Amino acid sequence: MTQEERQLPGPPGRGPGDAVRRLRREAAEIRAEVRAAPRRTVAAESLVCALAAAFGLIPLLLIPPDRPVLAVLEALWAVLLVAARRGRPVAAVLGAFPLLMGANVWVLAVVPLIVLSATRRIAPPRRAWRIVGMTCAALGGLTVAAGLFRWETLPMKLAENAVSAVLLLLLPTLAGTMLGRRRPLVDLLRERNAYLEQTRALTAAAARLEERTRIAREMHDLLGHRLSLISVHAGALELAAARQAPPLAGQVELLRTTAGTAMEELREILGVLRRTDLSDETGGDRGTYDDITALVTQSRQTGGGSVELVWSVPDTVEVGPRVRQAIHRVVREGLTNVLKHASGAPVLVEVKGTDAGIEVYVTNGVPRVPGDSQGGTSSGLAGLEERISLLGGTFGAGALPDGGFRVTAWLPSHPFQPSHTTNGPAPSPAPSPSEADAAPFSHAPRPPSGDGDTWRPGSNPPLSAQTLTWPRVLGAGCTAVLVVLPTAGFLIVLLVMAALG
């Protein structure tokens, strides 16, 4: 052989140097996997390995085996296979056959767990069966090799190891492959459910947007035209009143400005209906002290009665835009009802702020002219109750014993989230009426109790995810458990015999 031939490298993967490098690389990969694994997984695996070691070593102290050194080595080998069953499932299955014919019978209880846990991670299932077939062949070859010097006991050994292979290898493999097939099916089912849920949400959103667009179009064509005519006629009437009836000029000007404000609010509502995202409503200046003061002043000028405002919202209380919008709607609806049903009656508007939420009260006394009401359908109060309930607040409206009427509302400082409960102290009663006056209210404003999940009327309670049905029972791996029952019975009998012997 020439010098050049001696310097030529050998085939890759051959020689002791390559084996050492491969072992180092494998050890580095194992360390990296352990470091990347969650702490809970590492702790659970360490506990399982410790239990496997205890189950394989502690009985040896009570019942000494014939070959103690070999029994201890088998227990340590079983612990190594338990640790390798997740990251190296093929190696764990192939390395399990020496345990079936070793001197330590207690490690046989670990073999089915190793095979079941490893084969469920081998895909496709036919590959797992191929690996288990190789393990059974190696077990048979080792049995024949060990029985060459004792031919009279070889048939009995082959029969015993065949039964052990069926109960400790084949049945756990069947259970493991069943669980391995179930996992991708469950993942696929979850993906399809998520896709269908997203499709349903998108379809519902598109339907809502289409309906809102249709409503906005109808409101623009009908209400917009009517309000424009009212505004034009009110402007002409203002000019005529300035020349012919100066005392009525203020009332006519209020009519014109009210028509203009109605047009602006209609445009805002149309903008809200046409938007796809309703998280932030328009009218950021609504619900402030200046806005509520303007509403009170306008109501005082229109109705001619005394309208007082008590504002006690600290500057430190942060109020969301949707809550401010709701405060504006409650005060405006309450003052409108006073003008329609109790014109000229004294009115007290109270807005209180706490760390938990906002309390709004609109209370009117007895009207000056009894029975002077324009009638109504109470649709405004029903709409307010729905709006406030969607924000997580409570709403109430009812007559007082002295003949007056009160509209009350409690609102959280920020919009209500369905997945959380809103806690807060119950709002205090209004200072003007007595405790007996508050008794007629069937819906006194109070925040949610916070006990358990918040449930709103009109929605169905969620079904329990733990409800057991036959498809869930079978799909949860109960069939796989039934498969390994003979294995468990065989192990119990075997270990009891070992303990008694």
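All of these numbers come straight from a predicted model, not from anything done at the bench.
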Quick check: closest heavy atoms across [X] and [Y], and the distance to 0.1 Å?
X	Y	result
T119	P172	OG1-O, 3.9 Å
T177	A128	CG2-CB, 4.1 Å
L139	A165	CD2-CB, 4.0 Å
V144	L154	CA-CD1, 4.0 Å
F395	T408	CD1-O, 3.4 Å
L411	A326	CD1-CB, 3.9 Å

Could you check whether atom CG of N193 has more than 12 heavy atoms from other residues, nucleotides or ligands sitting under 6.0 Å from it?
yes
Whether over 12 other heavy atoms sit under 6.0 Å from E211 CD
yes
Let me see the working for L81 and W77 under side chain to side chain contact (heavy atoms under 4.5 Å, CB included), right down to the final yes or no.
CA-CA 6 Å; L81 294 180; W77 180 250; 3.5 Å; yes
Counting distance only, does the side-chain N/O of [X] pair as donor-acceptor with the main-chain N or O of [Y] below 3.5 Å?
X	Y	result
S117	L113	no
T135	V93	yes
R85	V82	yes
E359	K352	no
R324	V319	yes

Results of salt bridge (Lys or Arg N to Asp or Glu O under 4.0 Å) for R86 - residues two or more places apart only:
E45
Walk me through it: do R406 and V362 pass the test side chain to side chain contact (heavy atoms under 4.5 Å, CB included)?
CA-CA 6 Å; R406 182 192 291 171; V362 181; over 6 Å; no
With a 4.5 Å limit on heavy-atom distance, are the side chains of Y289 and V313 in contact?
no
Residue pair M101, T143: steps toward the side chain to side chain contact (heavy atoms under 4.5 Å, CB included) verdict
CA-CA 8 Å; M101 52 180 307; T143 303; 3.9 Å; yes
Residue that, paired with I388, satisfies side-chain contact (heavy atoms from CB on, under 4.5 Å) out of T394, V323, I327, V330
V330
Using the rule given for side chain to side chain contact (heavy atoms under 4.5 Å, CB included), can you reason through V115 versus L168, listing the C-alpha separation, both sets of side-chain angles and the distance that settles it, and then say yes or no?
CA-CA 8 Å; V115 175; L168 302 182; over 6 Å; no
